[in-house]
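Encoded as structure tokens, the structure appears first; notes follow it.
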Amino acid sequence: MESTSRGTVYIETYGCQMNVSDAELMYGRLAEYGYQPVDQPDGADVILVNTCAIRDHAEQRVIGRLGELKRFMKPDTVLGVTGCMAQRLGPALLERAKHVDLVIGPDGYRALPSLIEGARAGERVARVDFDLEEHYEDFHARRFDGVRAWIPVQRGCDYKCTYCIVPMTRGPERSRRLADVVRETSEVAAHGITEVTLLGQTVNSYHDGEHDFADLLRAVGAVPGIRRVRFTSPHPNDFSDRVIAAMAETPTVCEHVHLPMQSGSSRTLKRMLRRYTREGYMECVARLRNAIPGLALTTDIIVGFPGETDEDFEETLSAVREVGFDDAFTFKFSPREGTPATRMPEHLMVPDDVASERLERLIAVIREGTRSRNLALLGTRHEVLVEKVSRRGTLLQGRTRHHRTVLIPGKESMIGEYHTVELTGTTGSTFTGAIVSARQALPMAG
Ligand code: SAH
Ligand code: SF4
Ligand code: F3S
């Protein structure tokens with residue numbers, strides 16, 4: 001249905017993979033309506049800023065960026081804000097930024113073409129209703145990566161962690177039908193993509209009414225041509241024995257889990273309403289490691305949550321050491337308007353300098369752990385999928401099944417291939433490696 005050209009569209013995405021995936025859906029939808037994707041805002045007919053609201057810092061960046069984008073706009077350029085910050089602020093954003101024409105939340109992308117047309121006729125609109133049926137099944141995601149694909153399997157979130165804005169920006173949890181996920185996986189495989197990452201806020205709570213996440217892993221993992229299946233982010237409480245068995249028994253499911261811990265203190269976890277204790281988290285780690293030997297674990301941790309004492313923070317440090325995470329994303333608590341954490345008593349708030357100091361100490365402990373584990377891996381051999389030319393441009397960048405980044409020498413034509421690589425050096429966080437034998441990216445038998 002490629003219709004006459006309506007001009008060019010540029011989408012700038014912030015936040016998580018869910019947003020990256022949504023941008024691919026938006027590009028796909030707009031392409032069907034005659035908009036051509038471009039990779040820079042300068043002179044684009046439509047500019048969309050696809051935003052994140054997870055921390056205040058993320059929103060401030062967008063506010064600053066919206067100002068900057070003015071200089072790339074022609075008199076008739078349509079500027080839209082999409083994603084989580086759009087959902088959170090709604091019409092207030094139109095008030096605040098007069099050069100913004102459209103504000104569209106994550107469930108409103110079906111209306112993009114008509115809203116853009118309206119904006120061209122001078123309308124300024126905020127569209128922020130949730131649509132619990134919306135999975136954009138008939139959209140054709142426009143993917144720019146030929147090696148790996150993000151596959152959304154669930155939208156929204158039914159947990160209510162007290163610090164988190166996501167339930168407010170993405171609405172209630174709903175899952176796509178298993179058959180639709182498998183169909184999309186087959187489509188990307190037909191285009192030569194061999195690695196997929198299943199996306200959801202609590203992805204392992206996936207349930208389409210008939211099938212759970214275990215069924216989904218087995219079904220996606222068996223799609224011909226798919227060699228690696230990843231997923232993010234699971235919740236510790238949703239790792240049923242069925243799901244863990246499916247991970248262990250499906251050869252394409254990679255030996256890496258990103259398992260957000262948030263805190264190592266049961267008191268803090270309770271205040272966060274994470275619905276598990278330190279012991280519960282450790283038990284989950286043990287079950288996963290028993291079923292999947294050599295499993296790599298990464299995590300998310302928040303410091304400075306209201307009420308976090310020095311002892312609570314020490315428990316986070318000790319939990320990090322106890323688990324031995326391969327890596328971690330660390331954040332200073334950021335109060336989000338409307339979330340329960342902002343209503344906690346004033347005296348519980350952790351001063352910024354204390355939170356900053358904790359963050360630094362936590363990062364040091366994580367780095368130290370990552371470094372010693374990585375040094376111990378030198379000399380070992382791994383299957384590496386070559387993903388792209390590295391940022392510095394002289395080496396290729398790939399990943400092991402355990403999600404470790406490896407830089408290897410080679411030609412651009414090797415992108416998408418699998419090679420056995422010996423790890424020869426490490427910066428502490430990433431590796432350099434040497435190819436020990438080459439294998440083509442042949443699809444495996446179903
Ligand atoms: N759904 C995912 C997390 C999505 S948000 C999950 O439950 O694991 C990604 C990470 O941002 C979270 O894991 C948390 O560590 C962090 N985060 C969320 N809200 C935050 C806030 N208000 N302040 C600081 N960090 C936050
Ligand atoms: Fe936010 Fe918690 Fe839902 Fe993750 S599980 S998106 S942290 S509310
Ligand atoms: Fe940000 Fe929304 Fe993702 S708040 S982290 S873009 S779900």
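Every value quoted in this text rests on a predicted model; they were computed, and no experiment measured them. Counting convention: from 1, in listed order, for ligands and their atoms alike.
With respect to the salt-bridge test (charged N to carboxylate O, under 4.0 angstrom), the residues D131 and R110 do not qualify. Electrostatic pairing of R267 and E315 does not count as a salt bridge here, judged by no charged N lying under 4.0 Å from a carboxylate O. One finds a salt bridge joining R183 and E187 here, because a Lys/Arg side-chain nitrogen approaches an Asp/Glu carboxylate oxygen to under 4.0 Å.
Ligand 3 does not have M18 within reach: every non-hydrogen atom of the residue lies 4.0 Å or more from it. A heavy-atom separation below 4.0 Å is not found between G83 and ligand 3.
Here the rule is side chain to side chain donor-acceptor pair (under 3.5 Å) with R358, and of D310, D353, D312 only D310 fits it.
Closest protein heavy atom to atom 2 (Fe) of ligand 3: C84 SG, 2.2 Å. If you check which protein heavy atom lies closest to atom 7 (S) of ligand 2, you get Y163 OH, 3.3 Å. The protein heavy atom nearest to atom 7 (S) of ligand 3 is Q201 NE2, 3.2 Å. For atom 6 (S) of ligand 3, the closest heavy atom belonging to the protein is N19 ND2, 3.4 Å. Here the heavy atom of the protein found nearest to atom 4 (S) of ligand 3 is A53 N, 3.2 Å. In terms of protein heavy-atom proximity, atom 3 (Fe) of ligand 3 is nearest to C16 SG, 2.3 Å.
Ring pair F213/F231: centre-to-centre distance below 6.0 Å.
Close contacts between ligand 2 and R274 involve ligand atoms 2 (Fe), 5 (S), 7 (S) [criterion: under 4.0 Å to a heavy atom]. Interface of C52 with ligand 3, defined as ligand atoms under 4.0 Å from a residue heavy atom, comprises 1 (Fe), 4 (S), 5 (S), 6 (S).
Only the side chain of R170 comes within contact range of ligand 3, with a heavy atom under 4.0 Å; no backbone atom does.
Note on ring orientation: taking the six-membered ring where Trp is involved, the planes of H403 and H256 are parallel (angle under 30°, cut-offs 30° and 60°). By the 30° and 60° cut-offs, the orientation of the rings of F331 relative to F329 is parallel. Ring orientation note: the planes of Y136 and Y109 are close to parallel, at an angle under 30° on the 30°/60° scale.
Within a 6.0 Å sphere centred on CZ of R96, other residues, nucleotides and ligands contribute 12 heavy atoms or fewer. Taking a 6.0 Å sphere around CZ of R371, one finds it holds 12 or fewer heavy atoms contributed by other residues, nucleotides or ligands. For E337, the CD atom sits in a loose shell: 12 or fewer heavy atoms of surrounding residues, nucleotides or ligands are nearer than 6.0 Å.
Closer than 4.0 angstrom to ligand 1 sit non-hydrogen atoms from I54, R55, Y163, Q201, S233, P260, Q262, R274, D300, I302, F331, K332, F333, S334, R336.
At least one side-chain heavy atom of T232 sits under 4.5 Å from a side-chain heavy atom of L199. Between L48 and L112, the closest side-chain pair of non-hydrogen atoms falls below 4.5 Å. Looking at heavy atoms from C-beta onward, M247 lies in side-chain contact with V243 at the 4.5 angstrom threshold.
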In sequence, state the C-alpha distance, the side-chain angles, and the governing distance for E308 and F333, and then conclude on side-chain contact (heavy atoms from CB on, under 4.5 Å). CA-CA 10 Å; E308 185 186 70; F333 168 67; over 6 Å; no
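Excluding waters, the protein N/O/S atoms found under 2.8 Å from atom 3 (Fe) of ligand 2 are C157 SG.
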